[in-house]
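For reference, the structure is listed below as structure tokens.
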Amino acid sequence: MQNIKWLYLYCKKYGLRWLLCCLSMAIAVVCMCLISYISYVVQNALLEQVSLMGTDLLMGYLDRTDGLLDTFVEDIEQYGEVDRYSFVGSDIFYFEQNVYDLKFVENSYFDLYQMEIGSGRLFYDFEDEHVVVVGKDLANTFRLHDRILYHNQWYTVIGILDSVSESFYGNDNTCVFVPYRFYDSSHTQLLMKSTDEVFTKQYLSYYLDMYAIEYEIFCQSQIKEAMKLLLELMEKVLYIIGCVSFVVSMLGIGNVMLFSVEQRKSEIGIRKAMGASDFSIFIQFLLEVCVMSVVGYVMGMVLSVLCILLFSWYLDSHFHLTISMSLYLLLMCLGIGSIAGVAPAYLACKKDVVDVLSV
Amino acid sequence: MIVLEGVSKDFVMKGRVVQALKNVNMCIDDGDFVVIVGKSGSGKSTLLHILGGLLSADSGKYLVDGVDVFSYSAKQLAMFRANTIGFVFQQFYLVPYLSVYENIKLPLVYGKHLEHEAQIMSYLQVLQLDLWKQHLPHQLSGGQKQRVCIIRALMNRPKLLLCDEPTGALDHQSAQQIMQLLKVLNRSGMTIVLVTHDLRYKSLGNRLFRVDNGMVCECKI
Ligand SMILES: Nc1ncnc2c1ncn2[C@@H]1O[C@H](COP(=O)(O)OP(=O)(O)OP(=O)(O)O)[C@@H](O)[C@H]1O
Ligand SMILES: [Mg+2]
């Protein structure tokens with residue numbers, strides 16, 4: 001208690017230097033908090049993207065000219081583990097000097113991506129008519145009942161979709177969707193959703209091999225895993241950089257404490273002459289650094305909260321700062337502070353009284 | 001009763017040996033006022049440091065009431081300084097960021113016979129420092145600082161008060177005041193050892209020692 005009082009009085013006289021030390025600690029804390037926040041935001045944004053691709057989706061580029069693929073799909077429908085699938089073909093078309101993505105899809109495609117109709121209707125009720133549905137972003141370019149010319153054939157716009165998030169395979173908001181039955185190229189994609197991805201992949205490979213169909217299979221969960229790994233790596237690297245800022249503040253504090261011990265050696269001498277034990281001197285200086293760390297920590301936390309509030313307001317994201325992170329940082333501050341303080345405190349307590357007092 | 005028996009102290013500096021004290025024998029009774037004089041570099045401060053338990057000798061014995069101080073552990077030495085010894089130095093050594101009052105209370109943290117608040121106040125009043133007790137040391141004059149140091153040294157009711165040239169940094173008038181104060185303290189029963197350059201004060205105490213090149217001998221006043 002007495003130590004705290006002395007420290008307070010010391011700070012009243014030499015507070016600025018002390019405060020700067022706290023500030024270096026605080027900045028390290030802010031760094032860590034911001035790193036945690038930013039990696040949270042980035043991770044969330046990216047994983048949201050990935051999960052919008054539809055969980056457990058498989059996709060292959062397949063040749064359908066020999067009809068084997070149709071047999072295969074029939075088999076899959078009958079015996080397979082696949083919940084839903086859709087053939088997908090793609091092309092582009094020109095309209096008033098602009099290029100648009102065209103996607104030939106089956107009705108089930110909209111289910112796969114959980115796409116909802118905004119206005120108008122989907123393909124379901126139009127057995128043979130030439131119709132298209134457009135993405136949300138094209139709502140101003142094409143209106144309901146507009147007609148589009150593609151390969152000398154007029155298609156009527158019958159629906160405008162609600163907005164969907166951009167997916168890994170492109171932005172469906174800027175696509176024009178055409179019923180798959182009008183697709184006439186030899187290569188197609190097959191999108192599938194399954195509950196057991198690994199099994200389905202094996203199963204599909206087995207069948208595709210059997211039918212001698214050339215194929216490639218992309219698993220979404222593989223991409224997701226890879227992405228997660230990458231993000232975790234990024235987070236780790238960022239934390240290491242954050243730790244460097246702690247090391248820098250540790251050096252700063254150690255330096256200031258060494259200087260302070262040197263400056264206060266007559267105080268140390270007189271305390272010893274008055275009967276202070278080595279241990280009590282050691283504790284006095286160590287406590288000083290610990291209090292410095294805690295004050296730095298508190299300053300850092302306040303600054304961090306302000307920064308994160310500002311960022312989350314600016315980026316329109318959630319406030320994110322976990323309690324475990326705060327506790328971890330408190331421990332880190334105390335640890336770093338103690339490490340920085342041990343050597344100066346030890347030097348202080350081992351100072352020879354006679355040497356110190358006869359300067 | 002304080003006894004030094006055959007105490008020697010050498011300092012080795014860059015291979016050169018300085019014999020600071022040579023076979024010192026001294027016997028100080030309780031209630032004595034000992035004045036030590038000697039040339040600069042003769043070993044007076046070294047002697048005082050040994051008496052104060054700040055320095056250990058190379059050989060000899062230092063007995064306080066029959067107990068050998070040189071055999072103490074570091075912790076016991078700290079206790080010895082905290083409870084038995086009071087120090088007054090030429091350069092004051094007040095802690096710069098503590099007020100006069102806080103400085104005075106410093107020994108109370110380490111020692112065990114504690115002076116009461118009322119006693120502190122009366123010391124401050126007697127030494128005309130009561131108006132200054134909230135001031136910081138740099139706001140005081142030299143004489144005032146030394147009076148603060150003396151009050152501080154008295155806080156643990158020391159058995160032995162050691163003063164190393166307490167008036168070295170003061171003008172004659174302030175020095176006179178300090179010496180009178182020491183005289184009063186001695187009359188109240190405190191054992192005092194005073195090191196001084198100033199031969200005017202050699203008759204202040206009841207015993208006089210002369211230190212010459214590390215050798216100590218008692219002189220007639
Ligand atoms: N820590 C030390 N290391 C080496 N030599 C020392 C040390 N302290 C004192 N000495 C030497 O011991 C001798 C006695 O020193 P001391 O300080 O006791 O003299 P003094 O009588 O107090 O002198 P003054 O009147 O100038 O204060 C000196 O020659 C000094 O150089
Ligand atoms: Mg001296």
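Since we're looking at a predicted model, the values are computed, not measured.
- Contact annotation for B/Pro158: neither backbone nor side-chain heavy atoms come within less than 4.5 Å of a heavy atom of chain A.
- With a 4.5 Å cut-off on non-hydrogen atoms, B/Gln90 does not touch chain A at all.
- Within 6.0 Å of CZ on B/Arg210 lie no more than 12 heavy atoms contributed by other residues, nucleotides or ligands.
- The only member of B/Val95, B/Leu98, B/Leu136 that meets side chain to side chain contact (heavy atoms under 4.5 Å, CB included) when paired with A/Leu9 is B/Leu98.
- The local environment of CE in B/Met79 is sparse, with at most 12 non-hydrogen atoms from other residues, nucleotides or ligands closer than 6.0 Å.
- A 6.0 Å sphere centred on OH of A/Tyr14 holds more than 12 heavy atoms belonging to other residues, nucleotides or ligands.
- The side-chain heavy atoms of A/Met274 and B/Met155, taken from C-beta on, include no pair separated by under 4.5 Å.
- Within the 4.5 angstrom heavy-atom criterion, no atom of B/Leu94 approaches chain A.
- Atom CZ of B/Phe70 sits in a crowded spot, with more than 12 heavy atoms from other residues, nucleotides or ligands closer than 6.0 Å.
- Contact of B/Ile85 with chain A is not made at all, since no heavy-atom distance falls under 4.5 Å.
- No more than 12 heavy-atom neighbours from other residues, nucleotides or ligands sit within 6.0 angstrom of OH on A/Tyr8.
- When heavy atoms are compared at a cutoff of 4.5 Å, A/Ser280 approaches chain B solely by way of its side chain, counted from C-beta outward.
- Nearest heavy atom pair, residue A/Ile270 against residue B/Phe89, reads CD1-CE1, 3.6 Å.
- Interface remark: A/Arg264 contributes side-chain atoms only to the contact with chain B (heavy atom separation under 4.5 Å).
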I would like to know whether A/Gln2 and B/Lys105 meet side-chain contact (heavy atoms from CB on, under 4.5 Å); could you show each step before the answer? CA-CA 11 Å; A/Gln2 191 64 46; B/Lys105 281 177 68 175; over 6 Å; no
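- B/Tyr97 and A/Glu267 form a side-chain donor-acceptor contact under 3.5 Å, judged by distance and modelled atom types alone.
- Other residues, nucleotides and ligands contribute at most 12 non-hydrogen atoms within 6.0 Å of the OH atom of A/Tyr328.
- Annotation for A/Leu229: atom CG counts as buried by contact number, over 12 foreign heavy atoms lying within 6.0 Å.
- With a 4.5 Å cut-off on side-chain heavy atoms, A/Val356 and B/Tyr93 do not count as touching.
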Start with the C-alpha distance between A/Leu357 and B/Phe87, add both sets of side-chain angles, then the distance that settles side-chain contact (heavy atoms from CB on, under 4.5 Å), and finish with yes or no. CA-CA 12 Å; A/Leu357 288 185; B/Phe87 267 108; over 6 Å; no
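- Contacts between A/Phe279 and chain B at a heavy-atom distance below 4.5 Å are absent for every atom of the residue.
- The two atoms that bring B/Ala78 and A/Ala276 nearest to each other are CB-O, 4.1 Å, heavy atoms only.
- Across every non-hydrogen atom of B/Arg81 and A/Lys272, the tightest pair is NE-O, 2.8 Å.
- The two residues B/Leu54 and A/Val354 make their nearest non-hydrogen contact at O-CG2, 3.7 Å.
- Only the side chain of A/Lys5 has a heavy atom closer than 4.5 Å to any heavy atom of chain B.
- Within 6.0 Å of NZ on A/Lys13 lie more than 12 heavy atoms contributed by other residues, nucleotides or ligands.
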